[in-house]
Colleague: 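My structure is below; once you've seen it, I'll send some questions.
Note: hydrogens, waters and symmetry copies are ignored here, and every other heavy atom, side chains too, is used.
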Amino acid sequence: MVRNIILLVLISSTLNIWNGPTKKSDNQGVSEVLTKFSQLAFFSTKNQQEKSLPNVKLHLSQNENLTWGSFVQYTIDVSDKADGDSKYGEILNNKVLLEIEFMHLNDKQGLNQNRAANKKEPNHEGLSLMMESTCFACHTDKEIMTGPSFSEIAKRYEINKNNITLLANHILEGSKGQWGNIEMPSHPNLTVEETEKITAFILSQGSRKNHQMLTGLEGMFQIMEKPGDLEQGVYLLTASYTSTSSIKGQQSITLPIK
Amino acid sequence: MTQIKRRRFIKNTIYSGLSASLIPTHLMAQTQSGIDHLENERHPTGKTKKIIVAGAGISGLSCAYELMKKGHEVTVLEASGRFGGAVLSVHDGLADGLYADFGAENFTKPGYENYWKYIEEFKLTVLPYHHRENRLTRIDGVWHTDKMEREVREKKMELLGGFNKYELNFLKSNPVSNLQLLYLEPYFGKFTDEYQPFGIGYDQLENIPVSQIYEQAGASKAAMSLLGGDKTSALYSIWQAFIMHKRGYDNQFKLFRLKEGNQALTNELGRRLGTNLKLGCQVLEIAHTETGVNVKYRELGGIKEMSADYLACCLRTTALKKILITPVLPPEKQYVIDNLKYDQTTRIVFQARSKFWLKDQLSINLSFNHPALSHIWQVADEVQTDRVSLMAKAPGGTNPSRTLDAFKELYPGKKSNIDIEQILVKDWSKDTFVHGCERHGFSALGELSKFWPHTMAAHGRIHFGGAHTDNRSWGMEAATNAANRVAMEIDKS
């Protein structure tokens, strides 16, 4: 509940806040707090240099006899030598991703081809930037939250240079009134290039109708209602975690739907 | 880049660590009263029901308390390590006994009837809250007093041709903030139940903008401009105005808060529930039949189950989205779960060494209209100390250091007088269990029937509470109203 209560100890002599904080003074501020609460942050410093593949395990409430329109609950266990273990609360929620892709085929060969194509997809730097920022507190890919979903944004703005510049500016400067009265804060800590990458990712991901991304260690999603005359379909679920050493661990599960 | 990532990681780690160290010893607000002996009332049917209450926000707590008083067997399951939900009074980290409400900030009189009932029962100390008085508002870069704002508005109305005779006559005995009543009050007579806007002859008004009602009734251009409503459903506006009117909000209402923080009340509720309130128990699955409910929940890493006659579900829809319910809820209820939105706010508290604004002969009730700082005001002003705590409000996700920078840059007095010495922050948009603040309304054309009455409707043995299920979304009023409604529904079942 009070996970996000931060005590920022601002010591003016150290931070020189009245002359405007600099990158250097920000670092000093963090150091000051770190010294104060070092016993609580022990796992952040241990084996920081050690690089290992995070172990990711996806659990589903039901993985067989699934029908169109049903709900599936999931949990993702993550274990990483440097970062820690999700069962001890050491893995940050916003670093864990579940990708859900529906495929219009049911033969094994086709599925493998699709999986290969999926692997070849460019790794979106925009997504990584979003996971580092606060974006997912108010936005999701396909679901309704406080801010518009990626699919709503992609529906309103097609992918082109002008729209990318426009939306990147909204992220940088903040915006209000485009999607109701709720205000999006400015993100001056991001560069123009970074917000453009984020926008490009949002518009690209939002337009993928059969592909959904969810963040967090647990949640639920709904299998789509039966599309047309299709009798069977396959969901490819991929849970992933990118460690602080920038190594991505993942596990995929296929889910036949009848 | 690596350094940046490491820094962000460390920062996030510190946030998590703090929660573990602060909750048990410091976050509990002090209250004046002890626990009175709880005398159970006999419920009308005379049969004790077993009830699970999901969620220990103020709604779940008061619902459980009401049911317990009626003699039912109640267990509350709360996912987080504390109870109170969005009612959060923080003392820790502030000097000299200062404190601040990071969540629900105030209550009113008139209004908040069910909330006042608990204040009286628990003998809590109420303090007046003046944070909206003598406010200075920054408009287009210029600071305005309330009087200046009024003059600007009057000038604008004049330029539009002024109010008509009918409106001027109304305004002789009513504040301009009530002008909508002139046009909406004639519709109030048909309401028999403040929870039912449909079926009283106004259903077609759901798809008509309320501005059309004003226009058809002959409102002046000035009034039309002031009242707006081009995109707001007439039915929604009439319904909400009726509720406000019924509760006495047409007249000037006063704001209050509880001494030592509004958490004093939820603390009292929690203490009365005792061990019937189980923390750290996250509901995972709900199975329901015609005769009862079975709830699967996580406790200390293990999965447990509990059965009951009824479930009082006082969880937000953000939590319900993750819970497997079998058989599934009807589509209209699922629509509510999928589509309900909540405000996202960051609350930032500055601790200053003195009332520095007095040197500038200013009020500290300031509206900045800045992306990183909307309002600021003083809290806990009754605490005997030179130091002060100031509450600042900003959109969810705002960096508190940027809020401080905005304050320093735009403060209307001498900047060198500012003596802020530390910052505390609570960003509700990042909270795992209380994701956001009050729910959004259903004001857009054609929206109301998608959400209402399904938001509050019971489904079999599951009854739905929580502030979001009430007919107005004003935090603690909505929460306690919904709680009392659900307790009554279950008791009478």
Colleague: Do B:R298 and A:T75 have side-chain heavy atoms sitting under 4.5 Å apart?
Modeller: yes

Colleague: The test is side chain to side chain contact (heavy atoms under 4.5 Å, CB included); show your working for A:Q73 and B:E285 and say whether it passes.
Modeller: CA-CA 9 Å; A:Q73 218 173 20; B:E285 291 180 33; 3.6 Å; yes

Colleague: Are more than 12 heavy atoms, taken from residues, nucleotides or ligands other than A:E193, located less than 6.0 Å from that residue's CD atom?
Modeller: no

Colleague: Determine the option with the most heavy-atom pairs under 4.5 angstrom with chain B, choosing from A:S175, A:S70, A:S186, A:P188.
Modeller: A:P188

Colleague: Name the region of B:Q282, side chain, backbone, both or neither, that has any atom closer than 4.5 Å to a heavy atom of chain A.
Modeller: side chain

Colleague: Between chain B and each of A:G69, A:G147, A:G174, A:A137, count heavy-atom pairs under 4.5 Å; write down the option with the most.
Modeller: A:A137

Colleague: Which heavy atom of B:S429 sits nearest a heavy atom of A:C138, and at what distance?
Modeller: CB-SG, 4.2 Å

Colleague: Less than 4.5 Å to any heavy atom of chain A: does that hold for the side chain of B:L284, its backbone, both, or neither?
Modeller: both

Colleague: Please look at B:L320 and chain A and tell me whether the side chain, the backbone, both or neither of the residue comes under 4.5 angstrom of a heavy atom of that chain.
Modeller: backbone

Colleague: Below 4.5 Å from any heavy atom of chain A, which atoms of B:R347 appear? Answer side chain, backbone, both or neither.
Modeller: neither

Colleague: Going through the distances and angles, do B:K430 and A:N94 end up as a side chain to side chain contact (heavy atoms under 4.5 Å, CB included)?
Modeller: CA-CA 10 Å; B:K430 292 177 185 163; A:N94 63 342; over 6 Å; no

Colleague: Between B:L324 and A:S61, what is the shortest heavy-atom contact and its length?
Modeller: CD2-OG, 4.0 Å

Colleague: Just so I know, are the side chains of A:P185 and B:P371 near enough to count as touching, which here means a heavy-atom distance under 4.5 Å?
Modeller: no

Colleague: Please step through side chain to side chain contact (heavy atoms under 4.5 Å, CB included) for the pair B:K321 and A:F71, ending with a clear verdict.
Modeller: CA-CA 10 Å; B:K321 275 181 183 177; A:F71 290 89; over 6 Å; no

Colleague: How long is the straight-line distance from CG of A:N93 back to OG1 of B:T432, given to the nearest 0.5 Å?
Modeller: 6.0 Å

Colleague: So which of B:I323, B:L340, B:T317 has the largest heavy-atom pair count under 4.5 angstrom toward chain A?
Modeller: B:I323

Colleague: Nearest heavy-atom pair of B:K322 and A:G219: which atoms, and what distance?
Modeller: CG-CA, 4.0 Å

Colleague: Check for a donor-acceptor pair, side chain of A:H187 on one end and backbone N or O of B:T398 on the other, with a separation under 3.5 Å.
Modeller: no

Colleague: More than 12 non-hydrogen atoms from neighbouring residues, nucleotides or ligands closer than 6.0 Å to CD1 on B:I303, yes or no?
Modeller: yes

Colleague: Most heavy-atom pairs under 4.5 angstrom with chain A, which of B:K415, B:E409, B:R402, B:H435?
Modeller: B:R402

Colleague: Side chain, backbone, both or neither: which part of A:T146 has a heavy atom under 4.5 Å from chain B?
Modeller: both

Colleague: Within the 4.5 Å heavy-atom criterion, are B:D338 and A:E143 side-chain neighbours or not?
Modeller: no

Colleague: Looking only at the side chains, is there a donor atom on one of A:E183 and B:Q344 sitting less than 3.5 Å from an acceptor on the other?
Modeller: no

Colleague: Please step through side chain to side chain contact (heavy atoms under 4.5 Å, CB included) for the pair A:I182 and B:H440, ending with a clear verdict.
Modeller: CA-CA 10 Å; A:I182 287 292; B:H440 289 191; 3.3 Å; yes

